[in-house]
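Side chains are part of it too, since the values below use all heavy atoms of this structure and drop only hydrogens, waters and symmetry mates. Numbered from 1 within each chain, the chains take letters A, B, ... in sequence-line order.
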Amino acid sequence: MRYWLMKSEPETFSFQDLKNRKNQREPWDGVRNYQARNFMRDSMSIGDEILFYHSNTKPPGIVGIAEVASHPYPDYTAFDEKSKYFDPKSDPENPRWFLVDVAFKKDFNSMVSLEQIKVIPELSEMKILQKGNRLSITPVSSDEFALICAHGLKN
DNA sequence: GCCAACGTTGGC
DNA sequence: GCCAACGTTGGC
């Protein structure tokens, strides 16, 4: 079992949007970064838990828990000329981009904001805090995951 | 809206 | 294979 942090801009796709989806489940399409793709394609397993992070919003932070809900499979939006994620270089015979389905698991009682994360010494190693980090998917340790959940789930 | 950081592209 | 130009991310 691994743990991940996945970013999404709430204006594009929020945690509430995920919760409102049929089966509370959504393909994580549109990732066009090789490192993030590799995490989904090579390292994720069904049941891995995900910290759902809202970026580019005020305040940014982690709003709840999701989980990996499928094996990796090709990102079909890369083959769709009408999609904004269309990539003519991704060949259906040899797909360049992969994704997993993500499922809603649990709301936090209160957001764990980026500001809070920054002041918790045990979280100082998190990728999200490292300078210049822009990766939309990053691994999280089990201790970090547990600590953030403890903060998010307390009243 | 600014801009630092970083990934990708393409000419050479 | 180098690297300048360009586009994007995302906190502030």
Side-chain angles (χ1 to χ4, degrees), chain A residues 2-21 26-44 48-68 72-141 143-145 147-153:
Chain A
R2 291 189 172 92
Y3 302 92
W4 308 94
L5 182 147
M6 295 173 79
K7 297 180 187 173
S8 187
E9 301 192 15
E11 294 226 346
T12 306
F13 187 76
S14 70
F15 195 49
Q16 189 63 44
D17 291 333
L18 178 63
K19 195 176 175 180
N20 292 342
R21 279 290 190 277
E26 180 78 359
W28 206 254
D29 60 24
V31 169
R32 295 293 178 268
N33 171 283
Y34 289 103
Q35 262 186 282
R37 176 206 67 182
N38 291 349
F39 285 138
M40 289 197 286
R41 189 189 60 183
D42 306 332
S43 302
M44 285 190 178
D48 282 2
E49 296 195 274
I50 299 164
L51 298 171
F52 198 107
Y53 180 92
H54 279 172
S55 65
N56 234 328
T57 188
K58 287 180 185 175
I62 297 160
V63 293
I65 305 166
E67 66 184 333
V68 176
Y73 59 98
D75 184 342
Y76 49 87
T77 63
F79 312 135
D80 177 2
E81 284 184 49
K82 296 191 188 69
S83 169
K84 65 175 171 174
Y85 301 124
F86 176 60
D87 181 357
K89 284 176 270 188
S90 187
D91 175 3
E93 297 301 312
N94 184 22
R96 176 177 295 208
W97 304 113
F98 287 77
L99 53 70
V100 296
D101 289 352
V102 165
F104 172 84
K105 187 155 188 183
K106 199 170 183 102
D107 277 312
F108 278 173
N109 296 319
S110 58
M111 161 190 265
V112 181
S113 68
L114 181 61
E115 197 177 17
Q116 286 174 273
I117 294 169
K118 281 180 178 169
V119 300
I120 298 172
E122 293 86 347
L123 299 179
S124 62
E125 300 294 309
M126 287 190 72
K127 300 275 192 300
I128 194 90
L129 298 183
Q130 288 169 19
K131 185 172 147 188
N133 168 60
R134 300 184 332 191
L135 256 190
S136 62
I137 301 174
T138 49
V140 171
S141 77
D143 287 346
E144 290 163 347
F145 184 85
L147 187 55
I148 286 174
C149 288
H151 277 267
L153 294 171

5' to 3' contact window, DNA chain C with chain A (heavy-atom distance under 4.0 Å):
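From 5' to 3', the first and last contacting nucleotides are C:dG7 to C:dC12.
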
Can a salt bridge be assigned to the pair A:Lys19 and A:Asp107 using a cut-off of 4.0 Å between side-chain N and carboxylate O?
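Yes.
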
Could you check whether A:Lys58 gets within reach of a base, just the sugar-phosphate, or nothing at all, counting any heavy atom under 4.0 Å?
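If one applies the 4.0 Å heavy-atom cut-off, A:Lys58 turns out to touch nothing in the nucleic acid.
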
Answer yes or no: are there more than 12 heavy-atom neighbours, outside A:Glu122 itself, under 6.0 Å from its atom CD?
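Result for CD/A:Glu122: enclosed.
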
Whichever of A:Arg96 and A:Arg134 has its nearest DNA chain B nucleotide further upstream toward 5'
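Final value for this comparison: A:Arg134.
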
Closest nucleotide of DNA chain B for A:Lys89 versus for A:Asn133: which of these residues is on the 5' side?
A:Asn133

Donor-acceptor pair, distance only, cut-off 3.5 Å: does the side chain of A:Lys127 make one with the backbone of A:Val140?
no

Donor-acceptor contact present, side-chain A:Asp75 to main-chain A:Gly30, <3.5 Å:
yes

Before we go on, tell me: are the rings of A:Trp4 and A:Phe52 under 6.0 Å apart, centre to centre?
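No.
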
